Amino acid sequence: MTQRRILITAALPYANGPIHIGHLLEYIQTDIWSRFQKLRGHNAIFVCADDTHGTAITKSARAKDCTEEEFIAAMSEAHQRDFAGFQIEFDNYGSTHSPENREYCGQVWQALKDADLVSQRVVEQFYDVVTGESLPDRFIKGKCPKCEAPDQYGDNCDKCGHTYRATDVIDPISTVSGKPPKLGSAEHFFVNVERLHGFLDEWTQSGNHLQTEVANYLKGHFLGEELRDWDVSRPAPYFGFEIPATNNEHFWYVWFDAPIGYIASTRQWCDRHGEEIDAWWKNPETEIHHFLGKDITYFHTLFWPAMLKTAGLNLPTKVHIHGFVNVGGEKMSKSKGTFVMAETYLRHLDPAYLRYYYASKLGPRLEDLDLNLGEFITKVNSDLVGKVVNLASRSAKFLADDTLSVSYPDDGGLFQAGAEAGESIAAAYENCDYNAAMRKIMALADSANKYVEDREPWKLRKDEARQEELRDVCTVALNLFRQIVIYLAPVLPKLASQTAELLNTPITTWSEAQTPLMSVRVGRFQHMMKRIEEKQVHAMIEESKIEEPAESEFNDGPEALEKEPLAEECTIDDFVKVDMRVARVIEAEAVPEADKLLRLKLSLGGDVQRNVFAGIKAAYKPEDLVGRLVICCANLKPRKMRFGVSEGMVLASGGGGKEVFVLSPDDGAVPGQRVH
RNA sequence: GGCGGCGUAGCUCAGUUGGUUAGAGCAGCGGAAUCAUAAUCCGCGUGUCCGGGGUUCGAAUCCCUGCGCCGCUACCA
């Protein structure tokens, strides 16, 4: 096999917050690929860096009362600690706020100017009057300038399909503060990407650089029409690099210098290892593989190749794009405790669990991944502890401080079959189809366990005459175990080193799975991995639960009111016709035939009770409601429904589905009290 | 609105270029075993492959259409 030269990158984490389990999907995915390539003997390096520039950094630094430099230094340290905790092994971890990065930004910039792709013009733009931030078109809402339909976004109208500029919108408001925005103007630099349209058509649609869904997305979204100029500068003040020869009045936009950080980080590695940067970025033999999330697709598949092409640098061989992490089928949520920080996770659980779980779910496609906590526990316990580690656990003990057989015994072709599976497992890793790789590996573990089961070493042990047979059976079991561990090594590096120690033989290359070990001394078996207990996961979730902080005082968005405008004026007489009472839920059950309904029994105190059907099944579990105080409309005319008679209505807000919020009185209220 | 994607067993998902009775893991039920971290092994799955059309000798797989869900829509890092 010829040795490939491979540069691997993961997206640069923004230095504005800590790493969480969503980020980790990407770093684990990339780290597995990097370790795999190294294990295969290729010349691979994995570089990354903190992405440190932009207004958001300035804002955060001010909030902490420190300089931007101090802020990003602390954040970089925290990020690297988290990554190390998850056994993510970078060959270099840099920063976009580095001298190397400034240098390469200058070079790319000069190349763009030499190619006459840079222009300069005044941009009229909205700013939010409360936060002062500049507002993208999607953050403006108002009436369509053509058909006057209300409540339209700042770029085009849903009703008549007309497209326009945000500044043309009638009665614009900022969706950030709900207030009318302020118009400002500033000079910006632009890159004429359209001039590279032909190149981008070609590059994105052929050569297998992108997943097909990504290529289609680009074709449908951007490449189907003229590419707009890319705005790459921000006026001072801005935390970033000033654009040369602009009198410190203009800075590169953070998304200009961020990807160049890949080059700068490679440079730092080269300087430490006495290598030339051009061997990695100006060498047609070098493969460049970027791993990133779907949210930053077009930066890496349009602007970035355009920059590289113009600067005469290597184009990415492949951009691997992954989806987002959901937990329990929904977005990660701070209030539900599913927005778990890397640091919090590590306080409760072994990183190997998450590495394996993600690997077992990751495929080559751009799909969201569901982290189902129940499945997480059973999968890790069953696959890793029950199947894989158990192999060593049930056989190593019989040979502790003894040696493996001198020649490899007849195992019915098991080891050979495992060796032959090596290439297809490798192909799955290569193709980022880790879930297929894990399935193949677990099939090997299944047959190995079956082998032990059939040969019953625990019975051999009791028979003095069959000690050599016992040695043979354990030799087979331990070799099958080691073969599996080699295949798992990119995912579970710690397990690989524990196995190396147990069998007194290091694991350094993939091909070692082709040859069984003989005669080596077996160490004393120690637990290699603990089972996950549900209470550990529970504790992690509990620790992650935080009240959503109010970002800046009270800046509730206008969406709810816009969706359901205020009703007509009513009189106090109208109001008192509705008799609302405090009630206690004393029974609650789902209506099996209904999608949305719960049947509630409400007590208004004494023996006054109401049977009420409420459309809140998607948002509340019946058992969570029993005992709660709610507000009900008690004089609503009873209504016959398919499932019974509903004698009132429980008050709730929200749009329906899971977005339902049942009203509760403050502590001290008593069932039966009227709401005035 | 436009664009991209998805919709397969209770759950999470495999199903290569259309080809025999549609699969795996987990959960569930029954049994065996007791070396092992309540680990392991054996047995048990008729699921309108979202609905409706079409192409074909043959479609979960290709085409059209309808429904549902998710995402994206360039000065959000």
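Proteins get letters first, then strands, A, B, ... in listed order; numbering begins at 1 in each. What you see is a predicted model, and the numbers here were worked out from it, not measured in a lab.
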* **Aromatic ring of Tyr14(A) stacked on base six-ring of A77(B), 5.5 Å, 30°** =>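 According to the criterion (under 5.5 Å, under 30°), yes, Tyr14(A) stacks.
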* Compare the aromatic ring of His527(A) with the six-membered base ring of U37(B) and state whether they stack according to the 5.5 Å and 30° rule. =>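 Check passed, His527(A) stacks on base of U37(B).
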Can you tell me the base-pairing partner of [N]? Count Watson-Crick or G-U wobble geometry only, both distances below 3.5 Å, and say none if there is no partner.
N	answer
C44(B)	G28(B)
C69(B)	G5(B)
A77(B)	none
G23(B)	C13(B)
G18(B)	none

How close or far is atom [atom2] of [N] from atom [atom1] of [X], stated in whole angstroms?
X	N	atom1	atom2	value
Leu210(A)	G5(B)	CG	P	14 Å
Glu26(A)	A77(B)	CD	P	18 Å
Leu478(A)	A36(B)	CG	P	15 Å
Phe299(A)	C72(B)	CZ	C1'	13 Å
Tyr358(A)	C13(B)	OH	P	13 Å
Glu375(A)	C26(B)	CD	P	11 Å

With ring centroids as reference points, do [X] and [Y] lie under 6.0 angstrom apart?
X	Y	value
Phe291(A)	Tyr27(A)	no
Trp109(A)	Phe241(A)	no
Tyr253(A)	His188(A)	no

Rounding to the closest angstrom, what is the interatomic distance between [N] and [M] at atom [atom1]?
N	M	atom1	answer
G18(B)	A59(B)	C1'	6 Å
U21(B)	C29(B)	C1'	24 Å
G71(B)	C13(B)	P	16 Å
A24(B)	A9(B)	C1'	11 Å
G15(B)	U8(B)	C1'	9 Å
C63(B)	G5(B)	P	11 Å

* Quick one: the side chain of Arg228(A) and the base of A74(B), do they pair up donor-acceptor inside 3.5 Å? -> yes
* When all nucleic acid strands are considered with a 4.0 Å heavy-atom cut-off, which category describes Gly54(A): base, sugar-phosphate, or nothing? ->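 Counting heavy atoms under 4.0 Å across all strands, no contact is made by Gly54(A).
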* Asked: Just checking Lys397(A): base, sugar-phosphate only, or nothing, at a heavy-atom cut-off of under 4.0 Å?
  -> sugar-phosphate
* Among U34(B), A39(B), C72(B), the one nearest Tyr217(A) by side-chain distance ->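 Nearest to the side-chain atoms of Tyr217(A), counting from C-beta on, is C72(B).
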* To do: Report the nucleotide, chosen from C75(B), A36(B), C13(B), that has the shortest atom-to-atom distance to any side-chain atom of Arg234(A).
  => C75(B)
* Asked: Hey, are His300(A) and Tyr262(A) close enough side-chain-wise for a donor-acceptor pair under 3.5 Å?
  ->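 Checked: Tyr262(A)/His300(A) side chains pair up, N/O donor to acceptor below 3.5 Å.
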* Using a strict cut-off of less than 4.0 Å between a Lys/Arg side-chain nitrogen and an Asp/Glu carboxylate oxygen, indicate whether Asp454(A) and Lys450(A) qualify as a salt bridge. =>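 Yes, charged N to carboxylate O under 4.0 Å.
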